[in-house]
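Before any comments, here is the structure.
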Amino acid sequence: MKEYFAKAHSIQKQIAKLVEITPIEKNVTTVVGIDVSYRGNLAFGCLVKWDVKKEKVIELVKRKFEVKFPYISTLLMFREGPILLKLYRESDRDGDVYLINGHGLLHPRYAGLATFFGVITGEHTIGVAKRLIRGLQAKIVGDVVYLNERELGVIYRPRSVKRHLYASIGNKVTIGDIRRVLRKCDRGFKLPEPLRLAHIESRRMLKNENL
DNA sequence: GCGACAG
DNA sequence: ATCTTGTCGC
């Protein structure tokens, strides 16, 4: 068991080495959100591509999966990563940036779900999470989240919403990019619009499975 | 043993 | 994440 975790950690460190912290450069016109809901070993995944200017969904991919890997905090990429990749491969793969439910570099080995997905696909990715990973030695100054003196995330406070979220660099984005992208997706709800829509749809799929 | 856990 | 009713507040 101990060796199993050592191997998993080793893989995560390799992933972390491949991260690029570079600006998006291009003008962001489409933002993709991906979310997964679970019931037992069934997973219902949904990918939503959202047009920022039209404020409309322009692509929707959804599918049911069977999952075997358990949920283990800090090892989420092994459970949910494969699902995200399958949804991505069935999509147009042309989103300007991808929002993932979970952390990016705000992770003990700099290998959160959003980082994994970004490194494997080469896409620009941002991790969005409700809470910081427990035990993580992160420091918060203003709305910036530091890990080992490195500026890796920001606290996202949607307008008119009490609860805040933690957004972090997944791959190929800067803190400035994260601020700009999330501001574009702020529709007054807790979650950025593409993620909110993906969440609603994946939940709906799960619910309808009973019928 | 008990509670907590990025989802 | 999911299991779950009513209830308080905007």
Side-chain angles (χ1 to χ4, degrees), chain A residues 1 5 8-9 11-13 15-16 19 33-48 62-88 98-120 125-140 145-147 152-171 178 182 187-192 194-210:
Chain A
M1 204 67 198
F5 279 95
H9 292 181
I11 291 170
Q12 292 187 317
K13 288 172 188 171
I15 296 279
V19 174
I34 314 179
D35 190 37
V36 182
S37 293
Y38 297 93
R39 192 180 60 198
N41 62 339
L42 289 182
F44 302 83
C46 179
L47 178 155
V48 168
K62 51 181 180 177
R63 202 150 80 70
K64 179 171 81 171
F65 303 87
E66 201 167 321
V67 289
K68 295 183 177 177
F69 202 93
Y71 170 73
I72 302 171
S73 179
T74 74
L75 296 186
L76 181 59
M77 50 175 260
F78 296 106
R79 175 173 170 82
E80 201 162 311
I83 293 174
L84 301 187
L85 292 177
K86 282 169 190 160
L87 289 169
Y88 173 74
Y98 288 72
L99 301 183
I100 305 297
N101 253 327
H103 290 293
L105 295 181
L106 289 181
H107 180 283
R109 288 166 296 281
Y110 307 102
L113 180 62
T115 296
F116 167 81
F117 180 77
V119 164
I120 300 297
T125 64
I126 296 170
V128 178
K130 296 176 192 66
R131 302 183 296 274
L132 289 174
I133 292 176
R134 267 187 134 67
L136 194 71
Q137 299 296 307
K139 290 178 183 174
I140 297 172
V145 186
Y146 295 85
L147 187 55
L152 301 181
V154 294
I155 293 180
Y156 169 56
R157 298 179 184 283
R159 54 182 171 83
S160 321
V161 178
K162 287 180 184 176
R163 277 291 298 165
H164 60 266
L165 301 171
Y166 298 90
S168 62
I169 296 170
N171 190 36
I178 295 178
L182 292 185
R187 301 274 290 164
F189 295 101
K190 180 179 68 176
L191 289 174
L195 270 184
R196 188 180 74 89
L197 297 173
H199 181 72
I200 291 172
E201 181 55 29
S202 67
R203 292 280 309 182
R204 198 186 66 75
M205 291 168 68
L206 183 152
K207 185 185 173 191
N208 289 349
E209 198 68 9
N210 279 326

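Within every chain, numbering begins at 1; the chains are lettered A, B, ... in the order of the sequence lines, protein sequences first and strands thereafter. Worth saying up front: this structure is predicted, and the values here are computed from it rather than measured.
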Closest-nucleotide 5' rank along DNA chain C - winner of A/H199 and A/K162: A/H199

Whole angstrom value for the distance that separates P of C/dC3 from NZ of A/K207: 12 Å

Touch class at under 4.0 angstrom, heavy-atom based, for A/L113 against every strand present: base

Side-chain N,O (A/T74) to OP1/OP2 (B/dC5) below 4.0 Å: no

Side-chain donor/acceptor of A/S168 to backbone N/O of A/G153, under 3.5 Å: no

Main-chain N/O of A/I15 paired with A/R109 side-chain donor or acceptor, under 3.5 Å: no

A/S37 side chain near C/dA1 phosphate (N/O to OP1/OP2, under 4.0 Å): no

Whole-Å gap separating P (B/dG7) and NE2 (A/H103): 6 Å

C/dT5 to B/dG1 separation - C1' atoms, rounded to the nearest Å: 31 Å

Separation of atom CZ in A/R134 from atom P in B/dA4, rounded to whole Å: 8 Å

Length of the line joining A/F78:CZ and B/dA6:P, which is rounded to integer Å: 17 Å

Interatomic distance where CZ belongs to A/R203 and C1' belongs to C/dA1 [whole Å]: 9 Å

Sugar-phosphate only, base, or nothing, as touched by A/L42 at under 4.0 Å among non-hydrogen atoms: nothing

B/dG7 phosphate, OP1 or OP2, under 4.0 Å from A/R131 side-chain N/O: yes

Nucleotide C/dA1, atom P - distance to NZ of A/K130 in whole Å: 4 Å

Ring-on-base stacking C/dA1 with A/Y71 (under 5.5 Å, under 30°): no

Between C1' of C/dA1 and CG of A/L84, the distance in whole Å: 14 Å

Integer-rounded Å distance: B/dA6 C1' and A/L191 CG: 14 Å

Qualifying residue for side-chain hydrogen bond (donor to acceptor under 3.5 Å, both in side chains) with A/D35, from A/H199, A/R203, A/R196: A/H199

Donor-acceptor contact present, side-chain A/R79 to main-chain A/F69, <3.5 Å: yes

Pairwise C1' distance for B/dA4 and C/dT2, with rounding to whole Å: 16 Å

A/Y88-A/F117 aromatic ring centre distance below 6.0 Å: yes

